[in-house]
Amino acid sequence: MDDDDETPRRPDPDAGRRAIVVGGGIAGVSAATWLLRFGWRVTLIDRAAPGDPAAASYGNAGILARAGIVPVAQPGLLAKAPGMLLDPDGPLFLRWSHLPRLAPFLVRFLRHGREDEVRRIAAALARLLTDAVDQHRALAEGAPDAAALIRTGDYGFLYRDRAAYEADAFGHALRRAHGMTPALAEGAALRDRDPALAPEWGFAAIYPDHGWIHDPGTYVAALAARFVAEGGTLRRGEVAALDGEGRVALVGGAKMRADRVVLAAGVHSRPLIRGLGRDVPMESERGYHLHLRSASNARPAHPWMATALKVAATPMAGGVRLGGVVEFGGTEAGPTAGPPALLRRAAARLWPGMAWEGEADWLGHRPSTADSLPVIGPVPGAERVVAAFGGQHVGLTAGPRIGRMAAEMAAGRRAPDPDVSPARF
């Protein structure tokens with residue numbers, strides 16, 4: 001518009017409105033970024049800096065797993081779980097002292113493993129995950145340091161042989177139903193793709209059009225830096241309580257208020273929701289990763305999922321990262337030795353010739369709901385508060401979309417989606 005054009009400017013209904021986003025992980029940074037783009041004044045609060053090792057978005061396999069629509073709870077899981085717990089190379093760990101507190105969640109979780117429920121959940125996850133790479137690119141627009149860390153390529157599921165692949169037919173059929181068809185590689189064709197793989201792995205289902213983040217912690221930090229550069233406010237602090245009027249109280253006594261509050265604090269969202277008189281069936285799945293520094297002579301070209309081990313391995317900045325182990329034990333206890341040791345053995349089973357110069361292990365808390373779907377939408381009775389948490393095993397994949405949806409709901413630009421995030425407060 002020219003300076004002398006006297007056409008009246010239409011006021012922006014969002015201009016000057018204030019939002020507080022609680023939680024500086026990928027979903028929170030996304031919500032804060034989109035609200036800022038909508039013209040809101042936004043403060044992002046977390047007790048740790050975005051991308052810090054204390055945050056769940058720092059530690060993961062980094063895969064933008066658009067094929068990750070199959071929930072953990074599946075038909076037959078109850079029969080398999082004891083064997084997983086007793087197997088030293090099994091992916092499931094449990095702090096037995098936590099079992100009494102965990103039991104009600106497990107009952108609800110296993111109920112969602114019926115075939116009809118799994119199909120419903122997979123359909124909802126497909127709507128969240130299918131365009132994951134595009135959602136990350138949209139979020140990283142204008143943040144070149146972040147955009148440079150988005151890689152694209154294949155994502156392969158490794159099996160010992162064709163029979164093992166066929167035994168996993170249910171999951172692959174779900175993916176096909178939602179438009180994802182893998183290429184199959186066997187024997188010499190698989191060796192051509194990854195010559196360093198151990199002979200144990202003889203078959204693969206390889207899904208195209210995936211992505212991964214080359215350094216998740218640096219990526220989230222770069223997105224947050226861009227948010228600040230564009231006028232957002234980043235505040236370090238721990239939120240003690242929320243109320244339905246948009247008031248936020250911090251540990252130490254400081255208080256803030258906004259027109260809308262987006263709650264994206266991962267597993268730490270649950271006590272804040274309880275303070276609003278609601279609850280969500282959610283547990284911490286204590287997830288581990290093992291980062292092999294300067295891994296050489298066997299570095300994969302793209303991420304793999306070793307299905308028998310339930311371990312994912314991804315080429316990243318400075319090495320290779322393995323992740324995927326689950327431990328139930330609450331949020332207070334420190335790490336245990338078993339999961340990193342399993343990941344170390346998995347690296348040797350995948351690439352016996354791999355060498356590395358150092359390693360670092362990590363423990364974080366995946367916010368996992370009983371139905372494996374995130375919680376996105378206004379909190380009943382406290383509609384100024386919009387929930388945006390519960391990404392479970394696909395938190396990095398879905399985080400940009402979860403945050404964007406929450407921002408749109410907070411700004412009144414979209415209604416909640418009952419299929420993607422069914423009401424269950």
Is it the case that Arg413 places NZ or CZ above or below the six-membered ring of Phe38, under 6.0 angstrom from the centre and within 45 degrees of the axis?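 Yes; both conditions hold, so Arg413 lies above the ring face of Phe38.
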To the nearest 0.5 Å, what is the distance between [atom1] ([X]) and [atom2] ([Y])?
X      : Y      : atom1 : atom2 : result
Leu44  : Leu36  : CG    : CG    : 10.5 Å
Leu223 : Glu141 : CG    : CD    : 12.0 Å
Phe328 : Leu106 : CZ    : CG    : 6.0 Å
Leu35  : Thr43  : CG    : OG1   : 11.0 Å
Leu322 : Trp351 : CG    : CH2   : 6.0 Å
His210 : Ile63  : NE2   : CD1   : 8.5 Å

Run the side-chain contact (heavy atoms from CB on, under 4.5 Å) test against Arg137 and tell me which residues pass, sequence neighbours left out. Val133, Asp134, Ile150, Thr152
Exercise: identify the closest heavy-atom pair between Leu128 and Pro374: CD1-CG, 3.5 Å
Set of residues satisfying side chain to side chain donor-acceptor pair (under 3.5 Å) with respect to [X], sequence neighbours excluded:
X      : answer
Arg175 : His172
Ser284 : His365
Arg270 : Asp279

Considering only residues two or more places apart or on different chains, which pairs with a residue in residues 162-171 satisfy side-chain hydrogen bond (donor to acceptor under 3.5 Å, both in side chains)? Tyr159-Asp168, Arg162-Glu186, Tyr165-Arg176
Does anything in residues 51-62 pair up under side-chain hydrogen bond (donor to acceptor under 3.5 Å, both in side chains), and if so which pairs, sequence neighbours excluded? none
For Tyr219 together with His214, are the ring centres under 6.0 Å from each other?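 Ring centroids of His214 and Tyr219 are no less than 6.0 Å from each other.
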Are the side chains of [X] and [Y] in touch, meaning some heavy atoms are under 4.5 Å apart?
X      : Y      : result
His112 : Val118 : no
His136 : Leu396 : yes
Met316 : Pro216 : yes

Atom CZ of Arg95: over 12 foreign heavy atoms under 6.0 Å: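 Check passes, neighbour count above 12.
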Neighbour count above 12 (heavy atom, 6.0 Å) for Arg101 CZ: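 No.
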By the salt bridge (charged side-chain N to carboxylate O under 4.0 Å, His left out) test, which pairs, at least two apart or in different chains, include something from [range]?
range            : value
residues 395-410 : Asp131-Arg401, Arg404-Glu408, Glu408-Arg414
residues 320-343 : Arg286-Glu327
residues 112-130 : Arg114-Asp116, Glu115-Arg119, Glu117-Arg120, Arg127-Asp417, Arg127-Asp419
residues 208-232 : Arg226-Glu230

Residue list, salt bridge (Lys or Arg N to Asp or Glu O under 4.0 Å) with Asp194, at least two apart or on another chain: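 Salt bridge (Lys or Arg N to Asp or Glu O under 4.0 Å) list for Asp194, sorted by chain: empty.
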Salt bridge (Lys or Arg N to Asp or Glu O under 4.0 Å) against Arg151, all qualifying residues, sequence neighbours excluded: none
Basic-acidic side-chain contact under 4.0 Å: Glu359, Arg293: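 A salt bridge is absent here (no side-chain N lies under 4.0 Å from a carboxylate O).
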Can Arg366 and Glu283 be counted as an ion pair, charged N to O under 4.0 angstrom?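 Answer for the salt bridge query: no.
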Checking Thr314 side chain against Ala61 main chain: does a donor-acceptor pair fall under 3.5 Å? yes
With no hydrogens and no angle check, is any side-chain donor or acceptor of Arg236 less than 3.5 Å from a backbone partner on Arg47? yes
Passing candidate, ring-ring contact (aromatic ring centres under 6.0 Å, His included) with Phe157, options Trp201, Phe203, Tyr207: Tyr207
Under a 3.5 Å cutoff, is there a donor and acceptor pairing between the side chains of Glu238 and His268?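 The criterion, which ignores hydrogens and geometry beyond distance, is not satisfied for His268 and Glu238.
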